2 protein chains.
Amino acid sequence: MKNKEIYRDDNKDSRVSLSIGRFIMQLRRLERSPRSFGAAGPLTPGEIHTIAAIGCKEGILMGELAARLGVTKGAATQMASRLEVKGFVRRAPDPADARATVISLTQTGLLAYQAHEELHRRFCQKISACLSSHESEIFVDCLDKLCEALEE
Amino acid sequence: MKNKEIYRDDNKDSRVSLSIGRFIMQLRRLERSPRSFGAAGPLTPGEIHTIAAIGCKEGILMGELAARLGVTKGAATQMASRLEVKGFVRRAPDPADARATVISLTQTGLLAYQAHEELHRRFCQKISACLSSHESEIFVDCLDKLCEALEE
DNA sequence: CAACTATAGTTTATATGCTAAACTAAACAG
DNA sequence: CTGTTTAGTTTAGCATATAAACTATAGTTG
């Protein structure tokens, strides 16, 4: 009886961990492929994530961008440079602090940003179609708990 | 009233999408740092994942390894080469098919594998401590649903 | 005020983790 | 037997970072 209980616990946890593993694989798959956003031509995952982060906040500074993306300032600078060359963003000195750089989207960048937002909206709709309110709540709760657990 | 309903729906879905986003950031953070497994010295995420995939199945073929990891055969070969140089795996021709290569763990590789398994066990216990049976069930269900949705 | 420290961003070199393409040898099909 | 497919390997290149070194600016202290 007691043994059976332990068995069930183990089974439950590896079911969860298996599903998490699959979810992660799926996320990885999605994260790997360049795709088109608007009329902007193909953009790598990193590029569109950066555009999205810039589009979220008017007049973001380079250091803020780095923080938002969770990368080093060097990485953010390199990506911003690349997107500037491609015509998606503009860099300008910050009037309030001569050391700082303000990054903004060009018209092309804005198109890409908007296309990404639309995709995001579609994703949210998909979630809506899949999960009930109750499920969503529990899912968010579990995922947040998992994130906390992963902190250690 | 109807408008309010839509508002609530949007809020629900962006809660989910926000949590997923956070989860992804956390995964990224974890995926970036080499760590020690057993007495094996530091191993990159890719290395330990490959060791884990090899350890899972006795006498895995290179193509199977690639499939399991969700990468190209070329990528699998390169990683196996690297791990062979480091002494974690062995490569041998498959007796059943001269084109094929069988990959197995060395003693060092096995130590790393076992250490990773122990970590995995700890993770499962952590999940156990965090989530009730009911939560787990719903969580798994949601994850599986989202995986399917993400296929498109 | 000057000297020192901290900070923002940039640049460079390097590592990790892939992919595609080209190639070789073996297996399979007709 | 010939032609096609398949397994693995190798090479070149790309994406996405990091650390370190650097320059210029801002802040702090005496």
Side-chain angles (χ1 to χ4, degrees), chain A residues 24-25 27-35 41-54 59-86 88-104, chain B residues 24-25 27-35 41-54 59-86 88-104:
Chain A
I24 289 173
M25 287 292 284
L27 290 178
R28 275 224 198 107
R29 222 194 82 231
L30 286 179
E31 285 288 310
R32 268 192 227 134
S33 24
R35 25 187 334 172
L43 286 162
T44 67
E47 285 168 338
I48 192 57
H49 286 150
T50 304
I51 286 169
I54 294 163
I60 195 169
L61 303 182
M62 187 69 79
E64 289 171 347
L65 179 63
R68 188 166 213 112
L69 293 172
V71 301
T72 60
K73 286 184 294 178
T77 300
Q78 284 174 25
M79 183 56 81
S81 280
R82 184 158 139 190
L83 289 172
E84 192 176 28
V85 166
K86 287 187 172 192
F88 289 101
V89 307
R90 253 184 315 255
R91 275 187 289 188
D94 181 10
D97 183 344
R99 299 169 303 180
T101 299
V102 179
I103 317 171
S104 47
Chain B
I24 291 173
M25 289 290 287
L27 286 183
R28 278 225 197 108
R29 226 194 78 233
L30 285 177
E31 286 287 311
R32 272 190 226 133
S33 24
R35 36 187 323 175
L43 286 163
T44 67
E47 284 167 339
I48 192 58
H49 286 150
T50 305
I51 286 170
I54 294 163
I60 195 171
L61 303 182
M62 188 69 79
E64 290 171 347
L65 179 63
R68 191 166 211 109
L69 292 171
V71 300
T72 60
K73 288 184 293 178
T77 299
Q78 284 172 27
M79 182 55 82
S81 280
R82 184 160 139 187
L83 288 171
E84 191 175 28
V85 167
K86 287 188 172 190
F88 289 101
V89 308
R90 254 185 312 256
R91 277 189 288 188
D94 181 8
D97 182 344
R99 298 168 303 178
T101 299
V102 179
I103 316 171
S104 48

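Just so it is clear: chains get the letters A, B, ... in the order the sequence lines come, proteins before strands, and each one is counted from 1. In this text the structure is predicted, and so the values were computed from the model without any measurement.
Between the CE atom of A/Met62 and the C1' atom of D/dA24 there is a distance of 16 Å, given to the nearest Å. At whole-Å resolution of the value, NZ in A/Lys73 and P in D/dA17 are 17 Å apart. For the pair A/Glu84 CD and C/dT11 C1', the computed distance is 15 Å after rounding to whole Å. Counting to the nearest Å, the C1' atom of D/dA7 and the CD1 atom of B/Ile60 are 14 Å from each other. Atom CE in B/Met79 sits roughly 7 Å away from atom P in C/dC18 (whole-Å rounding). Look at CZ on B/Arg28: it is 15 Å from P on C/dG17, rounded to the nearest Å. Straight-line distance from the CD1 atom of A/Ile103 to the C1' atom of C/dA8: 12 Å, rounded to whole Å. Rounded to an integer number of Å, the gap from CG of A/Leu65 to P of C/dA8 is 14 Å.
Of the residues near DNA chain D, B/Ala80 and A/Ala76, the one whose nearest nucleotide (by heavy atom distance) lies more toward the 5' end is B/Ala80.
Here the CD-OG1 distance, from B/Glu84 to B/Thr77, works out to 11.0 Å after rounding to the nearest 0.5 Å. The structure places CZ of B/Phe88 at 4.0 Å from CG of B/Leu43, a figure rounded to the nearest 0.5 Å. Once rounded to the nearest 0.5 Å, the distance linking OG1 of B/Thr101 with CG of B/Asp94 reads 8.5 Å. Note: A/Ile51 CD1 to A/Lys86 NZ = 8.5 Å, rounded to the nearest 0.5 Å. For the atom pair CD1 (B/Ile60) and CG (B/Leu65), the distance works out to 5.0 Å, reported to the nearest 0.5 Å. A distance of 10.5 Å separates CZ in B/Arg99 from CG in B/Leu61, rounded to the nearest 0.5 Å.
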**Q.** side-chain contact (heavy atoms from CB on, under 4.5 Å) evaluation trace for B/Arg82 with B/Thr44
**A.** CA-CA 11 Å; B/Arg82 184 160 139 187; B/Thr44 67; 3.5 Å; yes

Q: Please report the C-alpha distance between B/Met79 and B/His49 in whole Å, then the side-chain angles of each, then the deciding distance to 0.1 Å, and finally whether the side-chain contact (heavy atoms from CB on, under 4.5 Å) criterion is met.
A: CA-CA 10 Å; B/Met79 182 55 82; B/His49 286 150; over 6 Å; no

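At a threshold of 4.0 angstrom between heavy atoms, the contacts of A/Ala75 include nucleobase atoms, whether or not backbone atoms are also involved. Counting non-hydrogen atoms under 4.0 angstrom, A/Gly74 reaches a base of the nucleic acid. Counting non-hydrogen atoms under 4.0 angstrom, B/Ala98 reaches the backbone sugars and phosphates but no base. Looking at heavy-atom distances under 4.0 Å, B/Thr72 makes contact with a base. In this structure, B/Asp97 reaches the sugar-phosphate backbone alone: every heavy-atom distance under 4.0 Å involves primed, P, OP1 or OP2 atoms, never a base. At a threshold of 4.0 angstrom between heavy atoms, the contacts of A/Thr77 include nucleobase atoms, whether or not backbone atoms are also involved.
Set against D/dT16, D/dG8, C/dT11, the side chain of A/Pro45 has D/dT16 as its closest nucleotide. Looking at the side chain of A/Thr101, the nearest of the listed nucleotides C/dT16, D/dT9, C/dG9 is C/dG9.
Between the side chain of A/Gln78 and the base of D/dT18 there is at least one donor-acceptor pair of N/O atoms closer than 3.5 Å.
Residues of residues 46-54 of chain B having a heavy atom closer than 4.0 Å to DNA chain C, listed by number: B/Gly46.
OP1 and OP2 of D/dG27 both lie 4.0 Å or more from every side-chain N or O belonging to A/Arg99.
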